[in-house]
Amino acid sequence: MSNPTVGIMMGSKSDWEVMEAGSKILNDFGVSNEMRVLSAHRTPVECVAYVEQLSTNGAKAFICGAGLSAALPGVVAAHTQLPVIGVPLDAGSLGGMDALLSVTQMPPGVPVGGVAIGKVGAKNAALLVLRILALQDDAIRAKLEEFSAKQKQDILALQN
Ligand code: RP5
């Protein structure tokens with residue numbers, strides 16, 4: 001796919017399984033997305049080229065997962081005006097705290113939205129992007145309302 005609505009990028013193949021949780025949610029909502037392994041450190045030129053390609057081909061947002069010194073979300077945000085959600089990943093001895101700080105401590109002027117470490121963050125990144133898309137898409141908004149209602153029912157069904 002060359003013109004997905006959402007680009008899901010990650011710094012390593014080792015991030016794939018966690019980031020896939022976000023892709024599955026977007027698929028459930030019928031939102032086209034493309035997963036791509038490209039690193040801010042290891043493949044910087046290809047990374048930026050991909051961001052520019054998607055940004056000019058109609059993408060609406062990026063979700064970027066990275067571990068350790070997680071530069072990817074910030075580098076992507078530096079090369080697009082689209083919303084960028086960063087997912088900090090647990091890839092080393094600090095359990096993802098290193099990536100959490102890298103993702104959230106962006107300098108003023110280059111915003112990255114940060115979510116929780118790991119798969120929880122990958123899922124919430126997708127839901128956050130869906131809420132952004134829902135601002136101009138009533139069908140997605142209706143599906144999000146269904147999602148929240150089901151979540152509520154599932155919990156209330158456990159009572160008594
Ligand atoms: C980061 O380094 C990647 O996002 C990954 O989480 C971490 C480790 O990468 P590998 O050594 O597993 O390729 O850039």
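Counting convention: from 1, in listed order, for ligands and their atoms alike. All residue numbers refer to positions in the sequence shown, counting from 1.
Remark: K24 does not engage D28 in a salt bridge, criterion side-chain N to carboxylate O under 4.0 Å. Between E146 and K150, none of the side-chain N atoms (NZ, or NE/NH1/NH2) sits under 4.0 Å from a carboxylate O, so this pair counts as no salt bridge.
No continuous path of ILVMFWY side-chain contacts below 4.5 Å connects L130 to F62, so the two sit in separate hydrophobic clusters.
S148 contributes atom OG, which lies 14.5 Å from atom NZ of K143 (distance to the nearest 0.5 angstrom).
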side-chain contact (heavy atoms from CB on, under 4.5 Å) assessment of I25 paired with F147: CA-CA 11 Å; I25 289 177; F147 174 89; 5.8 Å; no
Kindly print each ligand 1 N/O atom paired with any protein N/O atom under 3.5 angstrom away, one pair per line, or none if nothing qualifies.
unit_1	atom_1	unit_2	atom_2	d
ligand 1	4 (O)	D15	OD2	2.6
ligand 1	4 (O)	G67	N	3.1
ligand 1	6 (O)	D15	OD1	2.7
ligand 1	6 (O)	D15	OD2	3.4
ligand 1	6 (O)	G67	N	3.1
ligand 1	11 (O)	R42	NH2	3.3
ligand 1	12 (O)	S12	OG	3.4
ligand 1	12 (O)	S14	OG	2.7
ligand 1	13 (O)	S12	OG	2.6
ligand 1	13 (O)	R42	NH1	2.8

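With a 4.5 Å cut-off on side-chain heavy atoms, I8 and R36 do not count as touching.
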